[in-house]
Number of protein chains: 2
Amino acid sequence: MDTLNALQKFRQHVETYVSLNDAEWEVLAPYLEIITLKKKKYFAEPGKVCNYIGLVVKGSVRYFHIKDGEEITGYFSFENEMASSYKSFLTRTPAINYIQAMEDAVIVNLSYAHMQQLYADDIIGAKMERFCRLVAEHYLICYEDRVTSFITQTPEERYNKLLETGGEVLYRIPQHYIANFLGITPVSLSRIRRRIMKISA
Amino acid sequence: MDTLNALQKFRQHVETYVSLNDAEWEVLAPYLEIITLKKKKYFAEPGKVCNYIGLVVKGSVRYFHIKDGEEITGYFSFENEMASSYKSFLTRTPAINYIQAMEDAVIVNLSYAHMQQLYADDIIGAKMERFCRLVAEHYLICYEDRVTSFITQTPEERYNKLLETGGEVLYRIPQHYIANFLGITPVSLSRIRRRIMKISA
DNA sequence: AATAATTCTTATCTTTTGTTAACGTTTTGA
DNA sequence: TCAAAACGTTAACAAAAGATAAGAATTATT
């Protein structure tokens, strides 16, 4: 994954939300930072302010909390998805979760300070505002759906829905991460899987 | 609650996110619609596209789904909070939940169409973009926290946290709504309350 | 290649939650 | 004002989930 390619992916991602002409892109591009994260390395850590919002252009990252010494996985970002400890990034307060590379990853980063500069830029400012509004709205909707699933569905129903719609998540990550994602223990997910197998067998 | 007062509250709410001078306000104000909702009346309904985002200036509303013929309450908006079936409003697709007045309510509404006009307005457009970005980011953070609580905490822990931080929610709404909000049944919440009483007694 | 670590399943036991129903109390609405 | 509806608690039982541990299979690591 070379630099040009990574930047190109970022541009394409922005353009799924707002149009960008070359002049605008020329303003934006210099603010971006490309990083590589070896598997198990951290993008964000508890106690540290998350300074970047990044686009995962290769690999994937996993979000997790530590509770009673145990990792509890809450979310994932795959290729062409944004990654950030959003609350920390936006409010400039220490994060409470880890974000860790699940696979060797390449991420195109935009720092908080650079983002503020871009908002204030005459050429790209308005587009950035809109882009970030649309991104926030997009993830807001994702979270709305997720909260709804916790409120209205049983763990088994959530898992069945994930089987239908989950796609990538399902065969790229270990089952016990999925269990956490669903809000249950790995042991419980294993039992749910057995129940489902019996029914569909 | 007279018209001027309601509009003033809306302006104040916007100004907690972005500054507004009188000229800008003069552009924005005509797009607002003030409605009164009698208790039990609906702000949004499943199957219908939610056409408004509103600021609750008096009273409160409750969000709920119907599952197996039962109401499941997922959220509330009180005074000086926004209300909308966000996904429906933003994506122009039918809502899947009700939003209903819990108490007689006054709401300052902005329609989707008007919002688009405001985004495109020379005077107020940039401010509106930023305001709506910040609102989306605010609720994104709320949802992030809520999902985290479902992932990392037991129902009892969620309830205890709500007791600490919940404030208004706790003494203005019935317990069985709170149970749904926490993702459990009313019976189960009643038992949790008894457990807590025994410990603290 | 050998060893260690991870992952998933299964079993056992305990705890919690869901379900249903009953009861008294409070609130609502006609 | 009076009947109906809503609300919260409790009980009893069933179902599900958590905790812990063991074991097999797979994957990583040296």
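Just so it is clear: chains get the letters A, B, ... in the order the sequence lines come, proteins before strands, and each one is counted from 1.
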For B:Lys39 and for B:Leu189, find the nucleotide of DNA chain C with the closest heavy atom, then tell me which residue's nucleotide is more 5'. B:Leu189
With a 4.0 Å cut-off on heavy atoms, is A:Ser188 in touch with a base, just the backbone sugar-phosphate, or nothing at all? sugar-phosphate
Plane angle bin for A:Tyr42 and A:Tyr98 - parallel if under 30°, tilted between 30 and 60°, otherwise perpendicular: tilted
When you check the gap from the basic side-chain N to the acidic O, do B:Glu137 and B:Arg133 get nearer than 4.0 Å? yes
Is there side-chain contact between A:Glu81 and A:Val56, with at least one heavy-atom pair below 4.5 Å? no
Whole angstroms only, please: what is the CG-P distance between B:Leu170 and D:dG8? 12 Å
Using heavy-atom distances to pick each residue's nearest nucleotide on DNA chain D, tell me which of B:Lys40 and A:Lys40 is more 5'. B:Lys40
Nearest nucleotide by nearest heavy atom, which residue falls closer to the 5' end of DNA chain C, B:Thr154 or A:Pro174? A:Pro174
Rounded distance [0.5 Å steps], CG in A:Asn97 versus OH in A:Tyr75: 13.0 Å
Give, for atom CG of B:Asn180 and atom CD of B:Glu70, the distance between the pair rounded to the nearest 0.5 Å. 9.0 Å
Have a look at the helix from C:dA1-D:dT30 to C:dA30-D:dT1 and give the angle its two end axes make, five pairs each, rounded to 10 degrees. 60°
So, for A:Phe43 and A:Ile107, which heavy atoms are closest and what is the spacing to 0.1 Å? CD1-CD1, 3.8 Å
Short side-chain N/O contact from A:Arg194 to OP1 or OP2 of C:dA11, under 4.0 Å: yes
Do the charged groups of B:Asp22 and B:Arg11 touch, with an N to O distance under 4.0 Å? yes
If the threshold is 4.0 Å, N to carboxylate O, is there a salt bridge linking A:Lys39 and A:Asp104? no
For DNA chain D, which residues of residues 176-187 of chain B approach it to below 4.0 angstrom with any heavy atom? B:His176, B:Val187
Sugar-phosphate only, base, or nothing, as touched by A:Arg191 at under 4.0 Å among non-hydrogen atoms: base
The nucleotide from C:dA11, D:dA17, C:dC8 with an atom nearest the side chain of A:Pro155 is D:dA17
